[in-house]
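Below: the structure, in structure tokens.
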Amino acid sequence: MADERRTDYGPPHYEKFLPPIIKENYGKWKYHELLKPGVMVHVSESGAKLFTVRAGSPRLMSVDKIRMYADLADKYCGGYLRFTSRHNVEFLLTEQSNIDPLIDDLKKIGHPVGGIANSISAIVHTQGWIHCHSAATDASGVVKAVMDDLYEYFTETKLPGKLRIALACCLNMCGAVHCSDIAILGIHRRPPKVDHENLYKMCEIPNVSASCPTAAIRPATVDGKASVEVDEDRCMFCANCFTVCPAMPLADPLNDGVSIWVGGKVSNARHEPMFSKLAIPFLPNNPPRWPEVTSAIRKLVELWASNARKYERMGEWIERIGWPKFFQMSGIEFQKEHIDDFKHAGLTFKRSTHLTF
Amino acid sequence: MADERRTDYGPPHYEKFLPPIIKENYGKWKYHELLKPGVMVHVSESGAKLFTVRAGSPRLMSVDKIRMYADLADKYCGGYLRFTSRHNVEFLLTEQSNIDPLIDDLKKIGHPVGGIANSISAIVHTQGWIHCHSAATDASGVVKAVMDDLYEYFTETKLPGKLRIALACCLNMCGAVHCSDIAILGIHRRPPKVDHENLYKMCEIPNVSASCPTAAIRPATVDGKASVEVDEDRCMFCANCFTVCPAMPLADPLNDGVSIWVGGKVSNARHEPMFSKLAIPFLPNNPPRWPEVTSAIRKLVELWASNARKYERMGEWIERIGWPKFFQMSGIEFQKEHIDDFKHAGLTFKRSTHLTF
Amino acid sequence: MADALPKTPMLDELEKGGWPSFVTEIKLAAEKNPMGKDLLGLLERSYKEKIGHWKHGGIVGVMGYGGGVIGRYNDLPEEYPNISHFHTMRINQPAGWFYTSEALRGICDIWEKRGSGLTNMHGSTGDIILLGTSTDQLEPTFQDLAKIDFDIGGSGSDVRTPSCCCGMARCEWACYDTMAACYDFTMTYQDELHRPAFPYKFKFKFSGCPNDCVASIARSDMSIIGTWRDEIQIDKDAVKEYADSGMDIDSDVVGNCPGKCMAWDGKELKINDKFCVHCMHCINAMPKALRPGKDRGATILIGSKAPIVEGALLSSVLIPFIKMEPPYQEIKDLVDKMWDLWCEEGKNRERIGEFIQRIGLGNFLDEIEVDPIPEMVAHPRENPYVFYEDYYEDEDEDDEEGDDE
Amino acid sequence: MADALPKTPMLDELEKGGWPSFVTEIKLAAEKNPMGKDLLGLLERSYKEKIGHWKHGGIVGVMGYGGGVIGRYNDLPEEYPNISHFHTMRINQPAGWFYTSEALRGICDIWEKRGSGLTNMHGSTGDIILLGTSTDQLEPTFQDLAKIDFDIGGSGSDVRTPSCCCGMARCEWACYDTMAACYDFTMTYQDELHRPAFPYKFKFKFSGCPNDCVASIARSDMSIIGTWRDEIQIDKDAVKEYADSGMDIDSDVVGNCPGKCMAWDGKELKINDKFCVHCMHCINAMPKALRPGKDRGATILIGSKAPIVEGALLSSVLIPFIKMEPPYQEIKDLVDKMWDLWCEEGKNRERIGEFIQRIGLGNFLDEIEVDPIPEMVAHPRENPYVFYEDYYEDEDEDDEEGDDE
Ligand code: SRM
Ligand code: SRM
Ligand code: SRM
Ligand code: SRM
Ligand code: SF4
Ligand code: SF4
Ligand code: SF4
Ligand code: SF4
Ligand code: SF4
Ligand code: SF4
Ligand code: SF4
Ligand code: SF4
């Protein structure tokens, strides 16, 4: 077998990576408690206690940083750690006395502890200018700027409930942007500039035309070459054409930017899962710290934090007070862009007299 | 002027028809109370009292019956009466002592008093086989059979809230069928039988093709004549083609019948207005008394009446318990037909884990 | 006249039972008029065969009017000659459906003479329906009706007969004078009502409060529904009376409030009116204790209709609150703009609600020059497919963006 | 190696502030690896120009695998030659993202040698993302990883790397063993994961309860979410403790119950489990007092995805409740049927959720031989456009109707 090329063996079995306390109490956890921000204990039916310390992470990590984590895991918890579905790092301790020293060591390498319970956890995000050809904004940079600004809400648990932020750098929405309490979405606002010189070499014209959800793209001959033309009035900048054809770039420094969406959620707790809805149609890309974005988000967080009832997620709160009140209280101007005009638009119109004044 | 033909003078001004007590207290009513089934009093800020006696009507009325009403109005209330938006007759009394004699006289001519407050009022309905070319069932006959059966719910006020029934004899839905607690809807279930002999004489072929929401109709030459053909698999029997072209009849004794819809409402009280939803996909036309229909409706009414909370309209009750429970409790079999497959179908799928077991 | 009525064993079944019988009504008419007799025969036949016997109507009507008559012919004219034509006339009802016995008798006399003697009091749109007459009687009927001041209603692609709830005439909750408004609009749009010139029908319905007793939100292209924007008027003593008389205010009233803005501590009922959605429930439940506020007007909604073709619609908010004062000029100006646009751009048989969905509410508002406001939507868009309208050109670094931003 | 890092004044700004900095991470890597250096330079340039510098990837990968590598080239290869290729490798994470320090160090050593030394721990789908290497290093990296038992994840039109919440490993609410199921499905579908052959991508995500901590209802074509169907387990004493410690059970717990099926009289908490919608709220709020029932399993939902092209979808219910027992054969049989149908009839780049909407849920169910049940819909249809499938022929009076009726 040794000479045959090994494929399709799959990931390592998770059991290899579980600390003994978990193996012993697997499926026997009884309840958990928050001990302090970023630290919780799970108590087993057997009485065993597992302490979790959660540290914030930039997600984009060097191997050196991962090694530092590994060292801390060795030092405090037998080498066992995990990552969360929002990309934080969790250390799995059995000794309560190790909690504070671990936290201190984490602080030393620049990693805050928090994100559990009524707090803001790490921002689920994507590649941006680091690695993706499709990005209308950067990912890591915006996330860093926003989290710096919201730092206290990660390290403390002073919010009415959980608040989940996500960022995607284009409409493909890798990540959870479509169902987040607050979502930051990279957007183009200018139709594709067709590269007529090269299109016929790189792309299949019928595919390109077919890719457009609004039928804005028609085959056309330009300067004697087979190409396509875009009816600019029908373009809503989805970049689906660019995904299938590199000769249709939309990225444009003057017009790219981000939009802000609010009120989505994933969990079934209380309210059914909801999509995020458009709050701010456009904010400019302003690297390195995207001040318009950070301040808009802080305002939204604080508005929600000071008005929502206990447990009420952003979307639940807005649903209770109504969107008109949300726009009034947030000072965001309601514009044509907020009104849906895609396929199911009519179902978003207000079809009752349930109004507040 | 007398010789010029008078047009566009509009309806008579309503003031001519208002009893003095209304003129005097117009806009000054303070509150009302139900005195007994079908009888209410409105009390004015001035202390004046207006008694209303509401009598059920078949809506289709002979002039002789109307004259009988007029006679009763003369006898008991100065000749003043009105009709309601659900086609009942209301006598407007100032003398409380006239109420019972009026009710007795109404009974004598066969008109029950009731329909106010927590009761079933008259069924809003349409023309059916009496007058419309489009009908898939009769209107007046079904209504009569159903109201005979539900009589006690008109004359008494023993329901949790209002219950509004409507009937339309075809998908044009003249009336309030799309937003009723219970709706009876005449349906075809067989594609149009094209009259190829005459179609080209009676209809414009492009209009006929264009009329079909599912694009089931294509121009075709049949026996040398310009006509159309119907892709039967795509036909959902809406009869829109028949509306624009008499040579496309759908009516068919074997396949026409009614469907039953539930849970719609119009008022904004508590819940926003709602559309009715499909409960029973098909019941046969079984004149003269449509026993399958009357018994299905009685079951629905009684199920709701015995399970809903006070004020809860049919749709509010079902929303609280969930549709699976509704199907389970009603014994109605859930079928493929219940699943929406029109334009916004995806929005009706259950997109959460909020389930009962 | 004295001909025996046809045998109608099936219909006869429908004379039994507690609810008043339409068969009895037809028989009453049939005693005086052969149309009724033939109608009985034809209907009995439909009952047996389970199929209707009416054909598409041709264009019939009265002089100078394009609508108001529904032409109808049966498909067995030899067997039922008295109803070979059997056209229906739609007569514009008085606002609120109030009558005097005298007015009703006037109509009866005309219709006994000129038609079948059968009516619908009323049609679903609100008209007095005079059910069945022959082509030659249409104009004389109209002339006779003119003498008692009744005019014809709508049919076809025109304004349909507006209707309204009884409002201030008989209801304590009317937030504006529905009958006055209904009459006023009816008179203003006589031409549009009588001469079809739209892409499709257009209906107005006027309800005095959100209970919407004429189902305007479900059945009219323009729904005018009364509401208020200040505080609900509370009579504390009356609240106490309800409580004392055993009402469970907490579960019956507070627990059903969709605004979740009421509180009851066993003594005092508090309403946080800022979050009241004006649903009427608490007022409905306690009519002696609660009343709509004093600053009253209406919400204007647009676009409801039955399903054909694009699916049924409820009306959606266009103006959240407007004072309802004659001559209602602001509303009428808006109506004019909407009609101009719809007549210009609407497709044949496209109701205005469908039209708005097709062109987009945002574009519609642009065209009728109304600013978008959040009250118009249940929620902002969920999809990211935004038609941003302006972009910066790089050749020319001028700010090309419009005032929208 | 010892080359100075490029000047990055804008990026340097992002080393300030409390949140850990990705720039610091890139600099850490750049000290050892010229790829990091060029990445810093290119990114600084993007920050200045406000535009990305990556091009569409070509098809690159490792032998015998059709996916798992995202090819990437920059558009300024002369200026940033060390990242002229900069492909990402997606490595299948262990279920639940549990690691030992040893396993992590193994990955780090390989990636320091073979790639940029930069990673995402983890990607949004769940993979370990090894961020950036050149084409020639792809196969050697894979060979090295194979030695420590890490295999490649999904990309392209294949099964994507499944992921799951920590479930029974660390959570008291797990209604089934998410990690076991995730691993099992991952192993079962190795071929489909590594060799794209579908119309588009297909994602599995496993959450142990309706809190859905891996967002499976929003981000996976098949969402397997734990639930229970018997009574919520109540520890009365613990309820009392919560009450005594000042919790407002009425407003915090009962008032937030979407099933409106709880009652609290100040002493006893009652749940009418018949109407419980299994939302988890009460359990979340009182973890010491309430627990999911004992008859546990999962709800299977289908079809969620991001907006491109037809609009974002949440998954919808396919099986309301199923016991989750290895080898999960019933679910896998269903998966096979769905894939067969979708591969046969699905359009290119059509996710299964869009596919179901296009052909109709009813038809989809017919094809995969699952009976329609009301749990699959939020509500039955509102429009009357029903495709009744059978009708009686009049020529031949035989009952032509199928068994559906
Ligand atoms: C570790 C993690 C699962 C994993 O396997 O990685 C996890 C773990 C727990 N979740 Fe979660 N959730 C995790 C992601 C999620 C997500 C997914 C996401 O954020 O993308 C959700 C859905 C979010 C949404 O609705 O948009 C999620 C919705 C919840 C909820 C429901 C909250 C709500 O009110 O809507 C609870 C219940 C609660 O907090 O009371 C919960 C509760 C919990 C508990 C208390 C469960 C337990 O008893 O152990 C765990 C600690 C809570 C905490 O972080 O506050 N978890 N939880 C994930 C941590 C991510 C992070 O680093 O922050
Ligand atoms: C007479 C009439 C208006 C008219 O100008 O003709 C009318 C009159 C009143 N309505 Fe109405 N409603 C009338 C049709 C309607 C309709 C339209 C319809 O049925 O097609 C609705 C909307 C129905 C729906 O939602 O589907 C309607 C929804 C209400 C409601 C809200 C009920 C609810 O809980 O949803 C109230 C409030 C109440 O009953 O507490 C109400 C209350 C009232 C009050 C109490 C108002 C008052 O203070 O005078 C009147 C007597 C109540 C009754 O009948 O129980 N009225 N009411 C209509 C009588 C029709 C009939 O003969 O039965
Ligand atoms: C008489 C009446 C039913 C009744 O018995 O009450 C009626 C009868 C007809 N309606 Fe209607 N509609 C009547 C109220 C309605 C209503 C209810 C309303 O106005 O509140 C609706 C639903 C609301 C709406 O406007 O959408 C209604 C929606 C339709 C439609 C579907 C329109 C749509 O946009 O979806 C059609 C089809 C059409 O216009 O082609 C239609 C077409 C018809 C026609 C003209 C049939 C046709 O295609 O030629 C029917 C003539 C029947 C006859 O032989 O007399 N009728 N029709 C109602 C008018 C009486 C009156 O003037 O008072
Ligand atoms: C790396 C990652 C983002 C990240 O930084 O975490 C990512 C990156 C890309 N995604 Fe994604 N997607 C990633 C998770 C997602 C998710 C989230 C999830 O899986 O939970 C989604 C939304 C859920 C979904 O599947 O709908 C997602 C929805 C898309 C879409 C839209 C698909 C759709 O049906 O709407 C595209 C466009 C496409 O497939 O053509 C896309 C396409 C892409 C491409 C391949 C761009 C392209 O068109 O070639 C990106 C490559 C970036 C790069 O240069 O590395 N990516 N993508 C995530 C994969 C990491 C991993 O394997 O763990
Ligand atoms: S969201 Fe768009 S730009 Fe960002 S990683 Fe995904 S595909 Fe690339
Ligand atoms: S960006 Fe989207 S809408 Fe615009 S042309 Fe391309 S595919 Fe069409
Ligand atoms: S519902 Fe249909 S059949 Fe009945 S009156 Fe209206 S158009 Fe005619
Ligand atoms: S009945 Fe409706 S679906 Fe069928 S062919 Fe006619 S227009 Fe098309
Ligand atoms: S709509 Fe309102 S104002 Fe008009 S009758 Fe009904 S309850 Fe009264
Ligand atoms: S009118 Fe409706 S929303 Fe307003 S306080 Fe009363 S019940 Fe609540
Ligand atoms: S989804 Fe449920 S079982 Fe899984 S970690 Fe979250 S709370 Fe625990
Ligand atoms: S799980 Fe949710 S629905 Fe069930 S009882 Fe608890 S709060 Fe109510």
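Looking at B:Ile109, there are no atoms closer than 4.5 Å to chain C (heavy atoms on both sides), in backbone or side chain. Interface remark: B:Glu33 contributes side-chain atoms only to the contact with chain C (heavy atom separation under 4.5 Å). Heavy-atom distances place both the backbone and the side chain of B:His32 under 4.5 Å from chain C. Only the side chain of B:Glu90 comes within contact range of chain C, judged by heavy atoms closer than 4.5 Å. With a 4.5 angstrom heavy-atom cutoff, B:Leu81 touches chain C via backbone and side-chain atoms both. The part of B:Tyr151 that comes within reach of chain C is its side chain, from C-beta onward, which places non-hydrogen atoms under 4.5 angstrom from that chain. Both the backbone and the side chain of B:Asp71 come within less than 4.5 Å of a heavy atom of chain C. In this structure, the portions of C:Leu118 lying under 4.5 Å from any heavy atom of chain B include both its backbone and its side chain. Heavy atoms of B:Asn172 lying under 4.5 Å from chain C belong to its backbone as well as its side chain. Proximity to chain C (any heavy atom under 4.5 Å) is shown, for B:Glu312, by neither the backbone nor the side chain. Contacts of C:Arg170 with chain B are made by both backbone and side-chain atoms, with heavy-atom separations under 4.5 Å. For C:Cys164, no part sits under 4.5 Å from any heavy atom of chain B, backbone or side chain. In this structure, the portion of B:Thr84 lying under 4.5 Å from any heavy atom of chain C is its backbone and not its side chain. Contact annotation for B:His271: neither backbone nor side-chain heavy atoms come within less than 4.5 Å of a heavy atom of chain C.
Using a 4.0 Å cut-off between a side-chain N of Lys or Arg and a carboxylate O of Asp or Glu, C:Glu25 and B:Lys144 do not qualify as a salt bridge. Salt-bridge formation is detected for the pair B:Lys343/C:Glu310: a Lys NZ or Arg NE/NH1/NH2 atom is positioned less than 4.0 Å from an Asp or Glu carboxylate oxygen. Checked for salt-bridge contact, C:Lys27 and B:Asp64 miss the test: no charged N lies under 4.0 Å from a carboxylate O. Ion pairing between B:Lys16 and C:Glu102 fails under the 4.0 Å rule for side-chain N and carboxylate O. At a threshold of 4.0 Å, the pair B:Asp74-C:Arg105 counts as salt-bridged, since one of the basic side-chain nitrogens sits closer than that to a carboxylate oxygen.
Expressed to the nearest 0.5 Å, how far CG of C:Leu104 lies from CE of B:Met61 amounts to 8.5 Å. The structure places OG1 of B:Thr243 at 6.5 Å from CD1 of C:Ile308, a figure rounded to the nearest 0.5 Å. The distance from the OG atom of C:Ser251 to the OH atom of B:Tyr311 is 9.0 Å, given to the nearest 0.5 Å. Within the model, atoms CZ of B:Arg6 and CG of C:Asp151 stand 8.0 Å from one another, a figure rounded to the nearest 0.5 Å. Here B:Thr155 contributes atom OG1 and C:Trp19 contributes atom CH2; the two are 9.5 Å apart, rounded to the nearest 0.5 Å. Within the model, atoms CG of C:Asp212 and SG of B:Cys179 stand 10.0 Å from one another, a figure rounded to the nearest 0.5 Å.
Heavy-atom pairs under 4.5 Å with chain B were tallied for C:Ala289, C:Gly57, C:Gly153, C:Ala180; the largest tally goes to C:Ala180. Considering only heavy-atom pairs separated by less than 4.5 Å from chain B, the leading option among C:Gly52, C:Pro210, C:Pro9 is C:Pro210. Among B:His13, B:Lys310, B:Lys65, the residue with the largest count of heavy-atom pairs under 4.5 Å with chain C is B:His13. The most heavy-atom pairs under 4.5 Å with chain B, out of C:Ile283, C:Val214, C:Asp252, come from C:Asp252. With respect to chain B, the highest number of heavy-atom pairs below 4.5 Å among C:Ala95, C:Gly117, C:Ala103 belongs to C:Gly117. Of all the listed residues (B:Ile66, B:Ile21, B:Asn25), the one sharing the greatest number of non-hydrogen pairs under 4.5 Å with chain C is B:Ile66. Ranked by heavy-atom pairs under 4.5 Å with chain B, the first of C:Pro94, C:Gly17, C:Cys108 is C:Cys108. Ranked by non-hydrogen atom pairs under 4.5 Å with chain C, the options B:Gly56, B:Ser211, B:Gly128 are led by B:Gly56. With chain B as the partner, the residue from C:Thr119, C:Ile225, C:Ile217 showing the most heavy-atom pairs under 4.5 Å is C:Thr119.
Side-chain N or O atoms of C:Glu13 include none that pairs as donor or acceptor with a backbone N or O of B:Arg289 at under 3.5 Å. Using modelled atom types, one side-chain atom of C:Trp54 and one backbone atom of B:Ile130 make a donor-acceptor pair closer than 3.5 Å. The closest donor-acceptor contact from the side chain of C:Tyr65 to the backbone of B:Asp8 lies under 3.5 Å. Panel note: side chain C:Arg349, backbone B:Val244; no donor-acceptor pair is recorded below 3.5 Å. Side-chain N or O atoms of B:His131 include none that pairs as donor or acceptor with a backbone N or O of C:Gly132 at under 3.5 Å. Using modelled atom types, one side-chain atom of B:Ser85 and one backbone atom of C:Cys213 make a donor-acceptor pair closer than 3.5 Å.
The shortest distance between side-chain heavy atoms of B:Glu15 and C:Met179 does not fall below 4.5 Å. Looking at heavy atoms from C-beta onward, B:Pro246 lies out of side-chain contact with C:Lys55 at the 4.5 angstrom threshold. Put simply, the side chain of C:Glu172 does not reach to within 4.5 Å of the side chain of B:Ser44, judged on heavy atoms. No side-chain heavy atom of C:Lys305 sits under 4.5 Å from any side-chain heavy atom of B:His178. B:Ser267 has its side chain out of reach of C:Met280: every pair of non-hydrogen atoms, C-beta onward, lies at least 4.5 Å apart. Within the 4.5 Å cutoff, no side-chain heavy atoms of C:His278 are placed close to those of B:Asn268. Side-chain contact check for B:Pro11 versus C:Met187: some heavy-atom pair is nearer than 4.5 Å. Counting only heavy atoms from C-beta outward, the side chains of B:Tyr31 and C:Asp235 never approach each other to under 4.5 Å.
Smallest separation of non-hydrogen atoms from B:Arg270 and C:His281: NH1-ND1, 3.1 Å. Here the shortest heavy-atom pairing between B:Gly141 and C:Leu14 reads CA-CD1, 3.7 Å. Taking both residues in full, the closest heavy atoms of B:Phe342 and C:Val309 are given as CZ-O, 3.8 Å, listed atom of the first, atom of the second, then distance. Nearest approach of B:Gln127 to C:Asn120, heavy atoms of both residues: NE2-OD1, 2.8 Å. Shortest non-hydrogen contact noted between B:Phe17 and C:Phe98 is CD1-O, 3.1 Å. The minimum heavy-atom distance linking B:Asp252 with C:Ile51 is given by the pair N-CD1, 4.1 Å.
With hydrogens and angles left out, the side-chain atoms of B:Thr7 and C:His194 include no donor and acceptor closer than 3.5 Å. With no hydrogens or angles considered, no side-chain donor-acceptor pair links C:Asn256 and B:Arg309 at under 3.5 Å.
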Pair C:His56-B:Phe242, ring pair (Phe, Tyr, Trp, His ring centres under 6.0 Å): steps then yes or no | CA-CA 9 Å; C:His56 269 68; B:Phe242 177 64; 4.6 Å; yes
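Using cut-offs of 30° and 60° for the angle between ring planes, the B:Phe83 and C:His122 rings count as perpendicular. Ring planes of B:Tyr9 and C:Phe142: parallel class, angle under 30° (limits at 30 and 60°).
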